[in-house]
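Each remark here refers to the structure printed beneath this line.
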Amino acid sequence: AKSTVLLKNSGALPLTGNEKWTGVFGEDAGENLYGPNGCADRGCDDGTLAMGWGSGTADFPYLVTPLEAIKRVVTDNGRAIGSVLDNYAYSQIQALAAQISVAIVFVNADSGEGYITVDTNFGDRNNLTAWGSGDALIKNVSSLCNNTIVVIHSVGPVLVNSFYDSENVTAILWAGLPGQESGNAIADVLYGR
């Protein structure tokens, strides 16, 4: 939590947990379909990014996802939460984004050692944009929700110029590679703990 960097806040943070309806968007908010250790040496970009890839990786004993931790806060306060974890589920993203009071969009950018190729990236990243059409995901959500918070899990810098100046993007957080307590760490920051 202490390593998270606040890049923008137009008064949206901290959240209270009493927002009428929270929406969580992006593959990076959820679990890898094969579990936190489902890819050898973390050589994939499925689910939330908590560790880069390569020979220096370790197995997660567990991994708390952002969706898990945010859901706990929201439901403990008796409020509603919805989520779309497929970055390309455009109609579902639009349907949820048009109804919620706050959107939290998770994107990432990964890298590792050159003996592994992930999404045409051999070792290091090919560019400085978010993976999985993250910029398009942010634009799709923020075009319909005027209180969109962006969380970036990344191994390094990510360009934010395509969405930083949007009035509807009310906060941007760079959360790095937070490890097994990823969800709890970002929830602590989002909710001011």
Side-chain angles (χ1 to χ4, degrees), residues 1-5 22-76 81-89 92-93 96 103-138 141 149-158 172-191 193:
K2 289 180 180 179
S3 67
T4 301
V5 179
T22 300
V24 177
F25 299 87
E27 297 168 357
D28 186 65
E31 284 191 4
N32 180 334
L33 294 176
Y34 306 110
N37 302 308
C39 301
D41 293 340
R42 309 299 75 78
C44 64
D45 186 38
D46 302 324
T48 193
L49 181 63
M51 180 187 317
W53 75 71
S55 62
T57 60
D59 281 348
F60 291 108
Y62 63 90
L63 176 56
V64 179
T65 68
L67 179 58
E68 246 181 291
I70 293 166
K71 190 180 288 187
R72 189 175 312 115
V73 172
V74 171
T75 57
D76 283 353
I81 185 168
S83 61
V84 179
L85 302 184
D86 182 343
N87 291 8
Y88 304 99
Q92 292 87 346
I93 290 167
L96 181 59
I104 308 172
V105 180
F106 287 84
V107 298
N108 69 36
D110 200 359
S111 77
E113 288 181 88
Y115 73 96
I116 297 175
T117 300
V118 176
D119 195 20
T120 72
N121 295 270
F122 180 71
D124 204 358
R125 297 178 289 166
N126 295 334
N127 53 48
L128 295 178
T129 58
W131 286 21
S133 295
D135 288 359
L137 174 65
I138 294 165
V141 173
I149 297 164
V150 176
V151 178
I152 304 166
H153 287 125
S154 175
V155 296
V158 172
I172 303 171
L173 296 160
W174 185 85
L177 298 174
Q180 67 195 28
E181 288 287 334
S182 174
N184 292 331
I186 200 61
D188 283 353
V189 174
L190 290 169
Y191 294 97
R193 293 193 296 261

Please report the closest heavy-atom contact between [X] and [Y], naming both atoms and the distance.
| X | Y | answer |
| --- | --- | --- |
| A50 | F60 | CB-CZ, 3.7 Å |
| D135 | A130 | OD1-CB, 4.1 Å |
| A58 | N37 | O-OD1, 4.4 Å |
| G26 | L137 | CA-CD2, 3.6 Å |
| L96 | S83 | CD2-N, 3.6 Å |
| S111 | V155 | OG-CG2, 3.4 Å |

Working to the nearest 0.5 Å, report the span between [atom1] of [X] and [atom2] of [Y].
| X | Y | atom1 | atom2 | answer |
| --- | --- | --- | --- | --- |
| T120 | N126 | OG1 | CG | 5.0 Å |
| N87 | I138 | CG | CD1 | 9.5 Å |
| R125 | N127 | CZ | CG | 8.0 Å |
| Q180 | T65 | CD | OG1 | 13.5 Å |

Scan [range] for pairs that pass salt bridge (Lys or Arg N to Asp or Glu O under 4.0 Å), counting only residues two or more places apart or in two chains.
| range | value |
| --- | --- |
| residues 26-42 | R42-D59 |
| residues 173-189 | D188-R193 |
| residues 108-120 | none |

So do [Y] and [X] actually touch side chain to side chain, heavy atoms under 4.5 Å?
| X | Y | result |
| --- | --- | --- |
| P178 | I186 | no |
| L49 | W131 | no |
| V151 | P66 | no |

If we ignore hydrogens and angles and just use 3.5 Å, is the side chain of W174 paired with the main-chain N or O of S3 as donor and acceptor?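 Between the backbone of S3 and the side chain of W174 there is no qualifying donor-acceptor contact (under 3.5 Å).
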
Please check this pair: side chain of N121 against backbone of V118, looking for a donor-acceptor N/O pair closer than 3.5 Å.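 Yes: the side chain of N121 pairs with the backbone of V118.
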
Knowing that exactly one of V24, I152, T48 qualifies, which makes a side chain to side chain contact (heavy atoms under 4.5 Å, CB included) with F106?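 The passing option is V24.
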
Within a 6.0 Å radius of atom OH on Y34, are there more than 12 heavy atoms belonging to other residues, nucleotides or ligands?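 For Y34, atom OH is not crowded (no more than 12 foreign heavy atoms under 6.0 Å).
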
For a side chain to side chain contact (heavy atoms under 4.5 Å, CB included) check, start with the C-alpha distance between S182 and L63, then their side-chain angles and the critical distance, and finish with the verdict. CA-CA 7 Å; S182 174; L63 176 56; 4.2 Å; yes

Set out, in order, the CA-CA distance, both residues' side-chain angles and the distance that settles side chain to side chain contact (heavy atoms under 4.5 Å, CB included) for I104 and T22, then state yes or no. CA-CA 8 Å; I104 308 172; T22 300; 4.1 Å; yes

Full working for side chain to side chain contact (heavy atoms under 4.5 Å, CB included) between L190 and L173: CA-CA 9 Å; L190 290 169; L173 296 160; 3.5 Å; yes

Verify side chain to side chain contact (heavy atoms under 4.5 Å, CB included) between W53 and D45, making sure each step is shown before the conclusion. CA-CA 9 Å; W53 75 71; D45 186 38; over 6 Å; no

